[in-house]
Structure formats: C-alpha cells, structure tokens
Amino acid sequence: MTVVTRFAPSPTGFLHIGGARTALFNWLYARHNGGKFLLRIEDTDRERSTDEAIQAILDGMKWMGLDWDGDPVYQFSRRDRHVEVANQLLADGNAYYCYASKEELAEMREKAREEGRPPGYDGRWRDRDPSEVPEGVSPVVRFKSPNEGSTVIQDAVQGNVTIANAQLDDLILLRADGTPTYMLSVIVDDHDMGVTDIIRGDDHLTNAARQLQLYHALGWDAPRMAHIPLIHGPDGAKLSKRHGALGIEAYRDMGYLPEAMRNYLLRLGWSHGNDEIISTEQAIEWFNLENIGKSAARFDFDKLENLNGHYIREGDNAYLASLVRPVLAQKTGENVTDEQISLIEKAMNGLKERAKSVISLAESSLFLIAKRPLALDSKAEKLLDADAAAILSRVADALEGLSGWEKEMLEATVRECAESEGLKLGKIAQPLRAALTGTTVSPGIFDVLEVLGRDEAIGRIRDAAKSEPTT
RNA sequence: GUCCCCUUCGUCUAGUGGUUAGGACGCCAGAUUUUCAUUCUGGAAACAGGGGUUCGACUCCCCUAGGGGAUGCCA
C-alpha cells in the first residue's frame, strides 16, 4: 500500500517550530516511501481560525521547502460528511444525544476529582429514556464508548500503550449547534483521505485511544500511528505560544536558512548513528520511524546557528547574494542595484566564511556598497593615526603604479611595501582594512582590494590618508 | 486528583548484557593567520537514586524521585 501522510495544523496561530518538525517528519516519511504528503487545515474552530494564520502556515511550509501533494483540504468544508458519519453512529446505536448542561459537567468533574476517579462525563444520558428529554435544550451527540476492557495503541515510536477504557469518557461528536468536533473530523478525514500513517505530537497520544475506539465502532481500519515527543524551550519548559515559541517566519527573519532548519529539526529527535550534517536528499533516503527518540528535546540556538554557518559556507554565491539583497535594502533604506549585488556575489567566498546568518552576511557586505568617504567605526578611526596615514599614502602610490588589478599582484605589492617600511604585514593590513571597509573586521584584505576595484579602492585609501596622488 | 509517556556530558544524541561509554554543539587550551572567522589538534564534561535478575548491567524487571503530556461543546 502506498504511504499517505498528512500534516494537519489548526489555523489558530502561526506555524511554530514543533509543527514545522511534525510537518518535516511527515514529508520525509512520504518522500522516503514514494508516497503522498497531504496538507489539511483543521479550521473547524470557527471562533479562532483566521485567514492570516492559514496564510502563515502555507508560507511557512513553502519556506521550509515542504511541498504537499494536491490542494490543501479545509476541514470545515467537509462538515456535512462529518455529520453524516455521526448520524450513522447514532443509527447504529454507537452514539446518543446528551442534554447535560455545562454546570452539570463541571459538577461531574469536580466530584470525580474528589473521589479519585477518572475525570469526565459520567454517561448519564447514555441509556436514558427519550421521555425525559428537557424542553428547549439542544443536545450534543456523544459517542457511546466502551466502558470495559482497554484500548492498545500500537505506536511506531511509543511502542504499545494500553489505556483502560474506563479512563475514557463519552466524547462529544457533534456540538449543540450541530457542528462536528475535532475528534470526529480527524478520523473521518484521515479515513476518507486514505491516510496510512499518522505522525503527530505525543500530546495526541490519549486522543489516539479515543480515535481507535471510533475507528472500531465504524468498522474502519485505523492508520498506523507514530507519536513524536514535543520540543521544549531552552529552559526545559513546554514550548508554547505563551512561552516564547516563535513562528517559523521569525527564524527566517533571524537569517536562518531553510536547509539548516531542516537539518536541525531532523536531528532534534531523530538520529542516524553519529551523522550530524545531513542533506535533505540524504534525509529522504535515510528517514524512518524506528530512529525517532522517545524523550522530549530542548531547542538549542547555538547548534542551529552552527548548522546555519555550515550551510551558508556551503551555499551557492548567487543564492546567498539574493537572500542578502532584501536585508541590505532594509538596512540601508535604499534600493540595492544589480551592480551592487554582483559585487557582493564576487566577494561572497570571503564573506560567507565568516557569517552565521543571512543577517550577519548582509552586515558584513555593507562596506562593499558604502559611498565614499566611508564612515569609520571607533576602532578603525583609532587605527588610522598620522603614521598610518603616511604609510597608506605610500601604499596608494604603489598601487597606482600597477598595470593590472589581480589579487596576486596586489598582495605582492602590499607585501613589498611592508618590507621596505620594515613593518610586519599586519601593521599595514589593519590600517588598510580600516581605510577600505571602515571597520577592523573583514574578509582577506587582498580580496577586498581586488573586489572593490582600482578606482574605488585607491579612492578609499586616499580618503583615509587624506592624501592626493604625488605625481 | 486520575491516566499515559520520558530520564546517557550544560544541550542534541550513539549505544540494544561484556565498550577506556562514542559523536556533535557549546566551553577551555594550542596550532595556522593580515583582522575576524574558517580549519586543525588536544582537554574538561554523562549513564537520576535504590533494589533485584545475571558470572556480568547504561542496556532486562520493580520501586522512588524528577520532568512532560492528557484530562474542553480547542485542535
């Protein structure tokens, strides 16, 4: 049977990191097995679902590079089908109308707690005579779940998990207003969509038992299940919207690459021996359910950043330049020209070696597109004293005499200057760097010299030396 | 309260009865170097506790502790 997985977020907020990992695992599993990966938007909570959230989820998925098969399924649009199944359950005697009020429910919960019993609805309308139905109360439809025995979840990650049926109360299938609840909708949709494997957070583990009972009552085969552990924040607490969980777009804005996110998230909870750097292609080849860990993991920015640095260093120069472009535009408040981008692309080898994020890549590119005279930071300014100015002036003279402008000859020339001045290369390189970049940190100085080009480079050196050509 | 799950360096993890308990991030030291990074070398750092089972337990069982999840007319 072809594998069919799905990612089923509810659009009540953005796509957070845990959801992104769940989506990734489902995607990898489907791709690994040559199956389908479906997307279903669980928007049955009309109060809290928003179009903005749907858009954020779609955008987040696209950014992560997780493409789904077919069109997204909007759960709310399938409500008639859900009601139909509820009616079938009713007709088969597997469901019933319940007229209990919210107050009664609250009482039941409190009482159960006091008596140390499993909490929940006590089933008072399970077998009640229709003549007792109160006036003017619209009932909910409840599932008549088994009271005896137990339900075993054969989970691909958690192993066999047994839950006593007495622990599970009669859940609501249809609300008083006639709309289906999540518990009903998921199983109907998973069944109708032909989902074979459900991979989701283990906060759904108890739900799984309830859903299994429903599958059983309906005479349907249940999909295979894999409940993956949740991701915690750096402090070990639950990573939730309330606790500083960020939407996936926040990571994009912080300058993380999607390939780094994929690698990091994959490794958070899944392993393949000692492998750390795992490309997406490799991940598709290797991914399985067996190697998913059972314990919750903490999110660690340091490791993400390290991976991000790796993928930036490995990244294609034109690709990186294109990512830098909007950041630069935002930082300078000006439009970035194609010429400037090609300049940055040319300098990319030196730039990307030093970057940990697209943001820092953009920041270190700034000097390339700066206008003369350069603004100097305080350290650069300190470096450019009178002595330095005099030396730079002579360096400018020497460079001006050059017939070409290739890195090798630039380096040879500067080294000669150092030798004739009786100075170590560093004594010239640092002032030169300050003059050319306005800072004390940059790619190799000869690369900078070459990329900047003759006129711009000499101009910047003269600016710093406050000198005119001597000839 | 009730039920379920988890527990190897600070963090992510490998390990499936016999290992000097391995790797990665981070940290520390050193090498390379025109700055910063990269790269390379080395170092400190862990089996939650207690009982069993066994010739032998990180690996199997039980208990305790700690952590997490569920307990909605949310998903």
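Naming: A, B, ... by sequence-line order, numbering from 1 per chain.
Taking the six-membered ring for Trp and the full ring otherwise, A/F37 and A/Y29 have centroids separated by 6.0 Å or more.
At whole-Å resolution of the value, CZ in A/R48 and P in B/G72 are 14 Å apart. In this structure, the CG atom of A/N274 is 6 Å from the C1' atom of B/G22, given to the nearest Å. Nucleotide B/C73 holds its P atom 13 Å from the CD atom of A/E103, rounded to whole Å.
Here A/H272 does not count as stacked on B/A14, because the ring centres are not under 5.5 angstrom apart with planes under 30°.
Comparing the C1' positions of B/C9 and B/A46 gives a spacing of 4 Å, expressed to the nearest Å. With P as the reference atom, B/C58 and B/U8 are 15 Å apart, rounded to whole Å.
The base of B/A75 sits with one of its N or O atoms less than 3.5 Å from a complementary donor or acceptor on the side chain of A/N207.
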Just by protein heavy atoms under 4.0 Å, how would nucleotides 30-50 of chain B read 5' to 3' in B, S and -?
----BBBBSS-----------

Once base and sugar-phosphate atoms are separated, protein heavy atoms under 4.0 Å mark nucleotides 4-12 of chain B, 5' to 3', with B, S and - as SSSS---SB

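In this pair, A/Y97 and A/Y99 present their aromatic rings tilted. The plane angle is within the 30 to 60° band.
At distances below 3.5 Å, not a single donor-acceptor pair connects side-chain atoms of A/R40 with backbone N or O atoms of A/Y74.
In this structure, A/N306 reaches the B/G26 phosphate: one of its side-chain N or O atoms is under 4.0 Å from OP1 or OP2. The side chain of A/R109 contributes an N or O atom lying less than 4.0 Å from OP1 or OP2 of B/G72.
Base pairing of B/C3 is made with B/G69, judged by Watson-Crick or G-U wobble geometry with both donor-acceptor distances under 3.5 Å. Pairing partner, B/U39: B/A31, with both Watson-Crick or wobble hydrogen-bond distances short of 3.5 Å. In this entry B/A45 has no Watson-Crick or G-U wobble partner, no candidate having both defining distances under 3.5 Å.
For residues 162-173 of chain A, every residue pair satisfying the side chain to side chain donor-acceptor pair (under 3.5 Å) rule, not counting sequence neighbours, is listed here: A/Y96-A/D170, A/R126-A/D170, A/S145-A/D170, A/T151-A/N165, A/N165-A/Q213, A/D169-A/R210.
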